[in-house]
Amino acid sequence: MKPLAGLKILDFSTLLPGPYATMLLSDMGADVLRVESPSRPDLVREMTPQMSGQSAAFEYLNRGKQSLAINLKKSESAEIIQSLLAEYDIVVEQFRPGVMARLGLGYDQLAKINPQLIYCSITGYGQTGPYRDRAGHDINYLALSGISASSGRTEAGPLLAGVQIADVAAGSQPAVIAILAAVIQRSTTGAGQHIDIAMSDQCLALQPLLMPGVINGETTIQAQSHFLNGAGIYDYYVTSDKRYMAVGSLEPQFRRRLLEVLGHPEWINEADDRLKHCLADIFIQQDQAFWSDRFATTDACVEPVLAMDEALVHPHNMARQVITENPSGTKQIKPTPYLDGMSSASVAAAPVCGQDNQKVLQALGLSAEQITTLADSGLFT
């Protein structure tokens with residue numbers, strides 16, 4: 001049995017934060033039913049490359065889920081959702097505040113039907129405050145939290161990350177933690193609750209080593225002004241083939257081993273600003289393969305900066321068997337974290353839009369004639 005077997009979740013989310021959160025829950029055994037629009041496709045589904053008629057990203061984010069495609073603007077949809085609440089007592093949504101309430105599906109409305117409902121709203125700026133209705137993306141939440149200003153280079157300014165930090169680390173993952181905490185609390189109190197996940201709040205909280213100092217009066221942290229963001233030797237160093245090596249040799253023992261491999265143990269007491277220039281002058285003399293080989297057997301926190309395709313075939317990742325394949329033939333990163341009862345072999349394919357309509361409605365007791373009547377009313381278009 002998977003760890004979360006028995007949890008049943010209605011997922012009204014699209015794009016990344018909500019679907020990633022419910023993917024993690026699904027991987028751990030939760031029964032996740034996507035409630036999606038039959039006429040406004042999730043943009044991730046349309047991305048490239050396409051695998052079995054859906055994007056590889058969509059296949060990953062929505063693996064193991066079911067799909068109910070209904071028009072939420074139709075009054076009949078609220079009745080179906082309310083009926084599902086008898087079993088699906090966890091809701092995940094990421095509309096702007098007030099949208100679900102206007103559809104008759106807000107927390108206060110649904111909690112009257114099921115007081116044990118756990119209702120998680122993931123938004124950019126939360127359910128309250130002057131920005132509650134403001135549009136935003138990952139880059140905006142990072143900008144307003146101070147993360148962008150403390151990242152990048154003094155000359156070049158903030159740099160874009162290749163991963164959606166706010167969406168995943170400040171949206172999806174806190175949502176999973178909060179939902180599971182609410183489940184535990186409900187088992188004690190018998191009551192559900194409305195969880196307000198604001199990615200802008202969480203981005204502030206994602207700076208535990210630097211932000212507490214600023215809150216308590218320390219000078220604000222700008223790019224390359226702290227030993228963790230480029231002021232020290234903890235940094236990337238270009239090699240002769242225009243690749244990079246990542247040097248994380250912060251502790252004295254790692255610093256010593258770094259300098260021993262580079263042939264300059266006498267630099268051990270050099271100030272970081274001076275040593276950083278020395279390191280740059282040395283790393284540029286050889287290509288990345290040379291330095292990777294030199295540091296391969298030395299525990300100095302020095303590694304090559306790999307491209308995505310290189311990372312997949314790195315010996316460590318190969319040994320960890322990080323790649324799995326779902327029934328549609330799409331290769332994916334295996335479920336993680338791995339708990340008892342979980343298996344890469346159990347990863348199911350993502351649903352096509354509305355593929356489970358019949359099964360879900362019949363499970364609610366609707367007859368074929370009733371389903372046909374609903375279809376004629378435009379509920380599924």
Side-chain angles (χ1 to χ4, degrees), residues 7-15 18-19 22-23 25-26 30-47 50-55 57-59 61-114 116-122 326-328 348-381:
L7 289 188
K8 305 193 77 169
I9 301 168
L10 290 179
D11 180 6
F12 291 86
S13 65
T14 60
L15 301 175
T22 55
M23 179 199 75
L25 295 166
S26 176
D31 179 350
V32 178
L33 175 60
R34 282 178 58 89
V35 181
E36 53 184 323
S37 170
S39 59
R40 297 180 61 186
D42 186 335
L43 294 179
V44 174
R45 196 180 241 125
E46 309 300 310
M47 290 173 62
Q50 291 280 301
M51 310 287 291
S52 303
Q54 307 188 110
S55 74
F58 186 89
E59 283 284 318
L61 287 169
N62 295 286
R63 63 190 184 193
K65 303 176 187 178
Q66 301 178 75
S67 171
L68 174 66
I70 55 175
N71 185 344
L72 293 178
K73 293 181 179 179
K74 292 282 186 178
S75 59
E76 298 89 344
S77 67
E79 298 175 16
I80 291 173
I81 299 303
Q82 291 167 9
S83 298
L84 286 168
L85 291 180
E87 290 189 58
Y88 289 84
D89 57 4
I90 300 173
V91 165
V92 176
E93 63 91 13
Q94 62 180 51
F95 291 108
R96 292 198 206 187
V99 171
M100 286 287 276
R102 290 195 293 273
L103 295 170
L105 302 173
Y107 171 71
D108 292 337
Q109 295 153 310
L110 297 186
K112 291 177 181 178
I113 300 167
N114 185 349
Q116 292 193 319
L117 177 68
I118 293 170
Y119 191 105
C120 181
S121 297
I122 305 173
N326 74 14
S328 69
V352 298
C353 186
Q355 77 170 35
D356 299 293
N357 278 22
Q358 288 284 125
K359 180 175 71 173
V360 171
L361 297 176
Q362 287 174 354
L364 291 176
L366 276 66
S367 66
E369 292 77 16
Q370 289 173 309
I371 295 173
T372 299
T373 299
L374 291 172
D376 291 341
S377 74
L379 183 61
F380 309 130
T381 57

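Worth knowing before you read on, the calculation uses all heavy atoms, side chains too, and leaves out hydrogens, waters and symmetry mates.
- With hydrogens and angles ignored, the 3.5 Å screen pairs no side-chain donor or acceptor of Ser26 with any backbone N or O of Thr22.
- Within the 4.5 Å cutoff, the side chain of Leu84 has heavy atoms near those of the Leu68 side chain.
- One distance of note links NZ of Lys112 with CD of Gln82; it measures 11.0 Å at 0.5 Å rounding.
- The side-chain heavy atoms of Val91 and Tyr107, taken from C-beta on, include no pair separated by under 4.5 Å.
- Note that the OG atom of Ser121 and the CZ atom of Arg96 stand 14.5 Å from one another [nearest 0.5 Å].
- Phe58 and Ala350 make their closest contact through O-CB, 3.9 Å (heavy atoms, listed as atom of the first residue, atom of the second, distance).
- Taking all atoms of both residues into account, the shortest heavy-atom contact from Leu61 to Met23 is O-CB, 3.2 Å.
- Remark: the backbone N or O of Leu374 is paired with a side-chain donor or acceptor of Ser377 at under 3.5 angstrom.
- Side-chain contact check for Val360 versus Ile80: every heavy-atom pair is 4.5 Å or farther apart.
- Ser39 approaches Pro41 most closely through the heavy-atom pair O-CD, 3.4 Å.
- Between Glu93 and Tyr119, the closest side-chain pair of non-hydrogen atoms falls below 4.5 Å.
- Under the 3.5 Å distance criterion, the side-chain polar atoms of Lys65 are matched with a main-chain donor or acceptor of Pro19.
- Between Leu117 atom CG and Leu10 atom CG the span is 8.5 Å, to the nearest 0.5 Å.
- Of the inter-residue distances, the one linking Ile90 atom CD1 with Gln116 atom CD reads 11.0 Å to the nearest 0.5 angstrom.
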- Kindly indicate, with the supporting measurements, whether the criterion side chain to side chain contact (heavy atoms under 4.5 Å, CB included) is fulfilled by Val99 and Arg102. CA-CA 5 Å; Val99 171; Arg102 290 195 293 273; 3.3 Å; yes

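- Glu59 places no side-chain N or O within donor-acceptor distance of the main-chain N or O of Gln54, the cut-off being under 3.5 Å.
- Two residues are said to be in side-chain contact when any heavy atoms from C-beta on lie closer than 4.5 Å; Thr14 and Val44 fail this criterion.
- Here the straight-line distance linking atom CG of Asp11 with atom CG of Asp31 works out to 11.5 Å at 0.5 Å rounding.
- The nearest pair of heavy atoms linking Gln66 to Pro351 is C-CG, 3.8 Å.
- Between the side chain of Asp42 and the backbone N or O of Leu15, at least one donor-acceptor pair lies under 3.5 Å.
- Nearest heavy-atom pair, Cys353 versus Pro38, reported as atom, atom and distance to 0.1 Å: SG-CA, 4.2 Å.
- With contacts defined as side-chain heavy-atom distances shorter than 4.5 Å, the pair Ile81/Tyr88 does not qualify.
- Looking at Asn71 and Glu76, their side chains never bring a donor and an acceptor atom within 3.5 Å of each other.
- A salt bridge links Glu36 with Arg45: the distance from a Lys NZ or Arg NE/NH1/NH2 to an Asp or Glu carboxylate oxygen falls below 4.0 Å.
- Rounding to the nearest 0.5 angstrom, the gap separating the CD1 atom in Ile118 from the CD1 atom in Ile9 is 9.5 Å.
- Of the possible polar contacts, one joining the Asp356 side chain to the Ser67 backbone as a donor-acceptor pair under 3.5 Å is found.
- Side-chain contact between Leu361 and Phe380 is present, with heavy atoms from C-beta onward closer than 4.5 Å.
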